[in-house]
Amino acid sequence: MEKTVKKRRIFLMEEIKMYEVRFHGRGGQGAVTAATILADAAFHEGKDVQAFPMFGVERRGAPVAAFMRMDTKPIDIKTQIYEPDCVVVLDPTLMSVVDVTKGLKENGKIIINSSKDPKEFNLGKGKVYTIDATEIAIKHGLGTKTNPIVNTAILGAYSKAVGNVKIESIEEAILQNAPRKKEENRKAAVEAYEKTRGE
Amino acid sequence: MKLTIPEEELMYEGTVDCQGCGAGLAMRYALKALGKRTFVVIPACCWSIIAGPFPYSSLQVPLYHTAFETAAVVSSGIKAALEIKGIDATVMAWAGDGGTFDIGIQSLSGAAERNEDIIYVCYDNEAYMNTGIQRSSATPYKAWTTTTPRKYPKARPKKNIDEIMVAHEIPYVATASVAYPEDFIRKLQKAKNIKGTKFIHVLAPCPTGWRSLPEHTIKLARLAVQTCIFPIYEVEDGKYKINIKPKNPKPVEEYLKLQGRFRHLTEEDIKEIQEATNRKWKKLLKKEEFF
Amino acid sequence: MVKKVIYGNHAVSYGARDSRVEVIAAYPITPQTQVVELLSEFCASGELKAKFIKVESEHSAMAACVGASAAGARAFTATSSQGLALMHEMLHWASNARHPIVMANINRAMGPPWSIWTDQNDSIAQRDTGWLQFYCSTNQEVYDTTIQAFKICENDKVLLPGMLILDAFVLSHTSEVVDMPPQEEIDEFLPPYEAKYKLDLDDPRAFGGLMFPDWYYELKYKQHRSMEKALKIIEDVGREFGERFGRYYGLVEEYRIDDAEIVLVVSSTVAQTSKEAVDLLRKEGMRIGLVRIRTFRPFPKEKIRKIASKVDMMIVIDRNISFGSEGVFYTETKAALYNEKSRPPVYGVIIGLGGRDVRVEDIMNIAKKGKNNKLEINKINWWGVKL
């Protein structure tokens with residue numbers, strides 16, 4: 001019974017074209033802000049959106065998750081996201097402690113902040129994209145060398161890899177939402193967009 | 001003869017306070033001092049009754065009755081509303097010792113820390129008199145109350161609320177006694193013209209609870225000062241000034257013996273109280289000298 | 001008009017700002033903090049001309065609002081859970097003194113053990129304090145209800161405080177699109193508060209003094225009557241709001257109930273998730289709909305009766321529990337129907353206490369179980385409890 005319901009649900013998701021994204025980061029890295037900016041960008045393209053943190057207590061440095069849901073139709077559901085279409089990993093060191101592909105749809109996408117080639121990741125499912133968001137963030141003076149702020153750069157990679165939110169919309173949303181260094185953040189996203197590598 | 005007390009009466013006659021009630025007197029003086037443009041906030045205390053039941057009010061100024069622990073903060077709320085509406089008026093919280101020393105100290109401390117522009121008057125009759133004489137943290141050492149029977153009178157000294165308020169670094173803290181109305185009125189008028197939290201602690205004898213004669217109210221309020229049991233002083237921006245300095249303080253026994261609540265005291269108890277009183281008085285003199 | 005993607009908490013802050021509240025008094029508590037942080041910024045920037053009293057407790061937050069409202073100001077606060085419980089005494093004070101204070105409460109489970117996640121036990125426990133209670137289900141509704149609540153509560157016929165309620169995290173920390181009308185249009189809808197009864201130097205009166213038994217009872221009658229009158233005012237205000245801004249809210253929201261045999265009775269965000277469950281079940285051929293109870297106090301008895309008269313089964317889903325009894329929406333629904341000549345069986349389900357996620361599958365399975373007569377009728381159906 002449980003199974004049939006689940007299957008129906010996946011069927012429904014495809015039918016209504018809802019798209020769900022999960023961000024993995026560490027407390028203080030701005031995963032929630034990334035989810036919110038992405039939601040804002042999608043909203044400006046006329047989508048209905050939701051963005052929310054992992055419901056819980058966030059501690060600096062500890063693994064956190066954030067979520068984004070978008071749809072061409074109004075979104076009713078208020079549940080957490082269990083089967084994302086896409087996973088964004090802000091900090092690759094998390095991958096040894098967190099199962100970042102948990103629940104990811106078979107044909108889902110994984111965007112990893114890494115200087116490695118996507119082929120070097122063997123995750124068993126999904127299509128991997130990489131971007132060295134850390135290098136880009138440092139280059140644009142976002143955060144510090146030891147604690148770069150990569151959440152805007154990684155959104156550029158999202159736009160390139162997934163393609164359902166235009167880079168222009170992301171640039172606009174960054175300018176509206178970034179608390180400071182707006183232009184640097186925007187440039188980082190654009191550079192990441194151009195440098196994203198896929199399998 | 002020159003009148004030293006404002007003539008205007010803002011409290012009606014015929015209030016329902018007990019004979020010889022110090023708290024009734026205190027309010028009469030307070031409103032004379034502050035005048036018509038005053039809002040009064042009264043939490044649960046004797047004055048919840050003295051102010052009159054529905055549909056009466058014994059005051060000729062707006063009056064809000066509030067919950068026991070909220071005099072300071074409801075006053076803050078009223079003041080905020082008046083400020084946003086551009087109404088210039090005084091807001092006076094008027095609470096007993098229970099509502100100040102005990103249950104109300106949290107919101108009082110909060111208001112003082114924020115330096116809310118209110119006058120907070122504690123009329124102190126040294127126990128929960130409205131509920132029938134139960135001890136509060138303002139009850140003096142060794143006093144009888146219905147919850148500190150003569151066999152086990154109060155084992156701890158009266159809480160020093162004035163120093164607690166001074167520690168909040170508010171602009172004005174003062175003590176007063178209903179036996180010295182000019183001093184009390186001067187302090188209220190001074191407080192009215194200071195911005196920020198003003199705390200005035202007035203000793204208000206309670207014949208019912210102190211087991212004293214109604215006609216001794218003023219006498220007791222005076223003796224408390226003359227024996228240095230209840231010193232009259234003010235602290236303005238941290239600067240101490242003792243307003244009434246008895247040249248030769250009277251023995252505390254003169255004050256204690258007129259009150260049934262101290263009837264059980266032994267000579268040793270009285271000696272102990274005398275010594276504690278001397279100690280505290282000396283400390284206050286030092287404070288005046290140094291601060 | 002500004003459309004923005006904002007947190008549920010910020011929807012409260014924007015709603016309070018656009019209602020031009022005059023006095024705010026608040027104390028921080030997770031998950032409410034964003035409400036007061038943004039309001040602090042509005043006050044600091046001058047965007048909102050209000051006095052913000054940063055009190056030392058929730059009890060004082062409500063007491064400060066009481067004072068401000070008594071002096072004629074539009075007063076606002078926000079809290080959650082333990083904070084709401086601490087306010088309890090002053091909630092009675094606000095209502096009994098007829099102060100139209102508006103408060104947002106973020107539904108958070110009561111400790112111990114500590115929980116910061118959602119359920120309704122905090123606000124349900126304040127059911128009898130004489131506050132209007134609105135359970136919101138989207139950020140848009142949170143914003144709209146903040147503004148509406150002032151208009152409803154300040155109405156001469158009502159003059160009672162009102163609480164708008166939103167789920168911890170599921171709304172409070174979730175960003176959604178919120179449409180905020182221009183200030184001038186809101187000002188037209190919600191003019192400044194002119195208190196009919198207030199502390200007044202020109203007309204000095206005493207408020208709240210001792211009242212003997214020969215009058216107290218009548219005041220309680222009047223307080224209750226005002227609650228009853230609020231039923232109509234809520235609908236009128238909802239209609240006016242709808243005409244101006246295109247979004248209607250009333251006592252209840254009905255969803256696909258026209259030909260429904262089974263009706264789910266739900267509230268808060270569970271209702272939104274349930275809508276999708278209804279859609280899916282409809283596709284499977286089940287004639288099902290839902291009614292979302294938005295206004296819990298006053299309780300919309302007539303609406304419930306009308307809906308019940310046309311259906312074969314009602315399933316009430318509660319995210320709260322009255323220990324020793326049952327879910328409170330369940331009790332209230334049944335009580336509304338008891339004296340009706342014909343009434344459907346009413347089932348009670350408890351779900352999602354302490355923030356456990358309520359999924360579309362849960363609602364679908366509850367409905368199916370109900371349809372197959374597998375729910376217990378005279379017992380609580382504890383959904384998903386691990387035993």
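Note on naming: letters A, B, ... go to the chains in the order of the sequence lines (proteins, then strands), and numbering restarts at 1 for each one.
- With 3.5 Å as the limit, one finds a donor-acceptor pair spanning the side chains of T145(C) and R294(C).
- For residues 132-147 of chain A, an interface with chain C (any heavy-atom pair closer than 4.5 Å) does not exist.
- There is no contact between F67(A) and chain C, counting heavy-atom distances below 4.5 Å.
- We find that K368(C) and E361(C) are not joined by a salt bridge, their nearest charged nitrogen and carboxylate oxygen being 4.0 Å or further apart.
- If you measure heavy-atom distances from S137(C) to chain A, the contacts under 4.5 Å come from the backbone alone.
- At a heavy-atom separation below 4.5 angstrom, chain C is approached by V32(A), T36(A), A39(A), D40(A), F43(A) within residues 23-45 of chain A.
- Under the 6.0 Å distance and 45° angle rule, R359(C) counts as a cation-pi partner of Y82(A).
- Distance check, rounded to the nearest 0.5 Å: CD of Q120(C) to CZ of R319(C) gives 8.0 Å.
- Within a 6.0 Å radius of NZ in K166(A), no more than 12 heavy atoms belonging to other residues, nucleotides or ligands are found.
- Between Y193(A) and Y158(A), the distance separating the two ring centers is not shorter than 6.0 angstrom.
- The greatest number of non-hydrogen atom pairs below 4.5 Å with chain A, out of T174(C), V5(C), D357(C), is found for D357(C).
- Using modelled atom types, one finds no donor on one side chain facing an acceptor on the other under 3.5 Å when comparing N113(A) with D91(A).
- D167(C) and T269(C) form a side-chain donor-acceptor contact under 3.5 Å, judged by distance and modelled atom types alone.
- The ring of F329(C) has its center closer than 6.0 angstrom to the ring center of Y135(C).
- Heavy atoms of I6(C) lying under 4.5 Å from chain A are absent altogether.
- Exactly one residue among E172(A), E171(A), E168(A) makes a salt bridge (charged side-chain N to carboxylate O under 4.0 Å, His left out) with R186(A). That residue is E171(A).
- Of the two parts of V358(C), only the backbone, made up of N, CA, C and O, holds a non-hydrogen atom closer than 4.5 Å to a non-hydrogen atom of chain A.
- A salt bridge does not link D179(C) to K3(C): none of the charged side-chain nitrogens sits closer than 4.0 Å to a carboxylate oxygen.
- To the nearest 0.5 Å, atom OG1 of residue T152(A) and atom CD of residue E184(A) are 10.0 Å apart.
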